[in-house]
Number of protein chains: 2
Amino acid sequence: MDFKKKQTEANLKPGDRTVPERKIPVPHRDISERAQEMIAAPYNVFIDWNLNPPTKDDWSKIVTKVSESSAPAVNKLIEDLGLTVEQLQIGGVKCYRLTPENIPENHRKQLVIVAHGGAYVYAPGIGSVREAAMFAAFGGYTTISVDYSLSYENPFPGAIEDMIDVWRAILTEYDPRSVAMTGTSAGGGLIMATILKIKELGLGMPAAIAPSSPWADLTETGDSYKTNEWLDNILVSYSGYLGLAAKLYANGNDLSHPLLSPINGNLEGFPPTILTSGTRDLFLSNTVRSHRKLRRARVPAQLHIYEGISHSQLSFDPDLPETREAYGEIAAFFDQYLIW
Amino acid sequence: MDFKKKQTEANLKPGDRTVPERKIPVPHRDISERAQEMIAAPYNVFIDWNLNPPTKDDWSKIVTKVSESSAPAVNKLIEDLGLTVEQLQIGGVKCYRLTPENIPENHRKQLVIVAHGGAYVYAPGIGSVREAAMFAAFGGYTTISVDYSLSYENPFPGAIEDMIDVWRAILTEYDPRSVAMTGTSAGGGLIMATILKIKELGLGMPAAIAPSSPWADLTETGDSYKTNEWLDNILVSYSGYLGLAAKLYANGNDLSHPLLSPINGNLEGFPPTILTSGTRDLFLSNTVRSHRKLRRARVPAQLHIYEGISHSQLSFDPDLPETREAYGEIAAFFDQYLIW
């Protein structure tokens, strides 16, 4: 039978959409050459998407290995960007403070707190500061990268508790109206969960947040978990390490709990929020659903989607034009809402 | 071989992404039940996606038939919404004026011009005013629906010439700072092309525009033409009537010409723009690329993406909660930028 007819007949009944096997080309318009290379790249460039470590100890070994192998590049990045880095404890939590050579006048009293990504299991130590480094340099901000507890050592709600401990300490030094929070993937979800917790505790709110491609729903709920499966070349599928990492972090708790999947929380009273994702992102729906839910809750919220980009791909390469663009949008958003 | 391993091996070389055949379920969180039904619906609910009329005359017959069959529903919609409808000529172009019973004080001197969708070939006559009717009723605006020339009678640049004739006439009656333009699909692309033409002619600019799921690129360029192929249950694929309609409208001209594919134009000086699409929209990339290109041109531009929604699905059903939400966002955006 003719392919088109067959395809139409496969979709004659209401319900699941049947989509045929396909070769999908790399998009080439309005995308930098470097981004086209990233989009064209095979699966597994950084981390094997289909890892399945049997024990916490195996996780620990893998994470340490990945971290050690990424550390030199991060140290070089910090140097190339001309940043001063200090390791310190804030509220008893390990953190890094990154200070750029030049801070614009209006950013001098401001602070950006960064929660790194890595499915709550990856990126301890210096490997965690890549995003904070780029944001410090491109935006001209003092940034704090929180080296929060990872799930194989201290699962949920460990990371949130660390974020709250840091936040309480920051509140003694900064006007919260001059502080923003940002983070990608698990870092974005963690920021949203931290805001829910800040609301619950009645603490001062940061002035704005930027969850990029946030892991807002730890269950496999959201259209793009399926529509972008096998297309996103970073996460590839929830059926890889991602689903396992969700369970490792949740530690027996219901994955749909609002502090694990903050999309299920009450988002009223959230600070102004800027969200970023890409058309191939497995977390496109996490991002889009968060945006709509914030708008429905009357929170000023902006959405930015980048052509062809997979999960968190804008947080890897400081020389990617789209990375500069995305960080520029976030900094411009913060400038609207942070006092100085 | 294990499926995951096979899938990884199919993507070991840089380049095209290989995606397996799949069944993709209907998303169910943060989506109304009615929208879930729309997402679940088979292909071809309104128009056969794979039509291929051999001549202009055949097109004309099909279009007339579709139009006649949709007219009673549109007339009922106008009545249900309590609108007054008048057929009139503006600048020599057939138009409909829709007036709601109640117009809020700040909208009384404002006007919204609507360019209907339909791939430049569908929806002549009263069938074209569905969107203008909803916008008039939900937003509380006097709206003008332009019944512009269709491609089987008067191809490119016929529709743009009609829009410009209407615009010149409107400029004699309205302050352009109190006028907005909106439209979905071909209507969205037509508005963008009209703005390029207004720039070229040096006429006054409307205060804001709302191209929804705009046909900004008439060539099959943009990631979602492929990523959302067979997934979008409205357009389904560029290989159906869509690509044929592009050629019919272009009438031998290069499809990438900026007045045919306005994404290729210089978007500097565009009015503030609000863009709407869905995660399953074949035109998701048309929307996202337009948003990014406008932002790069320093135009105030907002993006709104709805979970699971296919092409132009928010312009069909006045009772769909997501339709109300989308029109509400657009009206709120217009309120920011139109004088009153």
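Each chain gets a letter, A, B and so on, in the order the sequences are listed, and its residues count up from 1.
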> How far does OG of S237(A) sit from NZ of K4(B), to the nearest 0.5 angstrom?
Replying inline: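 Output value for this atom pair is 6.5 Å.
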>> Main chain of A41(B), side chain of R17(A): is a donor-acceptor contact present, judged purely on distance under 3.5 Å?
In response: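 Pair found, side chain donor or acceptor close to backbone of A41(B).
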What part of [X] is in contact with chain A, defined as an atom under 4.5 angstrom from a non-hydrogen atom: side chain, backbone, both or neither?
{"X": "E325(B)", "result": "side chain"}
{"X": "N50(B)", "result": "side chain"}
{"X": "Q302(B)", "result": "side chain"}
{"X": "T8(B)", "result": "both"}
{"X": "Y306(B)", "result": "both"}
{"X": "S239(B)", "result": "both"}

>> Quick one, R292(B) with E329(A), criterion salt bridge (charged side-chain N to carboxylate O under 4.0 Å, His left out). Give me CA distance, side-chain angles, the key distance, then yes/no.
In response: CA-CA 11 Å; R292(B) 292 254 53 82; E329(A) 287 280 10; 2.8 Å; yes
>> Let's test your reading of the structure: which of R280(B), K293(B), E37(B) forms the most heavy-atom pairs below 4.5 Å with chain A?
In response: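 It is R280(B).
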>> Under a 4.5 Å cutoff for heavy-atom pairs, which residue among Q7(B), H291(B), K226(B) has the most contacts with chain A?
In response: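 Most heavy-atom pairs under 4.5 Å with chain A: Q7(B).
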> Between I305(A) and L303(B), is a side-chain contact (heavy atoms from CB on, under 4.5 Å) present by the stated rule, with each step listed?
Replying inline: CA-CA 8 Å; I305(A) 309 287; L303(B) 179 67; 3.5 Å; yes
> Using the ring of each side chain (for Trp, its six-membered ring), is F3(B) parallel, tilted or perpendicular to W230(A), with breaks at 30° and 60°?
Replying inline: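 Perpendicular.
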> For the residue pair E307(B) and S285(A), what are the closest heavy atoms and their distance?
Replying inline: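 Heavy atoms of E307(B) and S285(A) come nearest at OE1-OG, 2.6 Å.
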> Are there more than 12 heavy atoms of other residues, nucleotides or ligands under 6.0 Å from atom CZ of R296(B)?
Replying inline: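 Result for CZ/R296(B): enclosed.
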> Would one find more than 12 heavy atoms of other residues, nucleotides or ligands at under 6.0 Å from atom CZ of R34(A)?
Replying inline: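 Yes, the 6.0 Å shell around CZ holds more than 12 heavy atoms from other groups.
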> Is the shortest heavy-atom distance from the side chain of L231(B) to the side chain of T227(A) under 4.5 Å?
Replying inline: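 Yes; the side chains approach each other to less than 4.5 Å.
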> Can you tell if the side chain of T279(A) reaches within under 4.5 Å of the side chain of L284(B), non-hydrogen atoms only?
Replying inline: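 T279(A) reaches L284(B) side chain to side chain.
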> Picking from D16(A), D217(A), T221(A), D223(A), which has the most non-hydrogen pairs under 4.5 angstrom with chain B?
Replying inline: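 Highest number of heavy-atom pairs under 4.5 Å: D223(A).
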>> If you count heavy-atom pairs within less than 4.5 Å of chain B, which of A301(A), G222(A), P14(A) leads?
In response: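 Top option by heavy-atom pairs under 4.5 Å: P14(A).
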>> Can you list the residues of residues 18-31 of chain A that sit under 4.5 Å from chain B, counting heavy atoms only?
In response: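 Expected list: T18(A), V19(A), P20(A), E21(A), R22(A), K23(A), I24(A), P25(A), V26(A), P27(A), H28(A), R29(A), D30(A).
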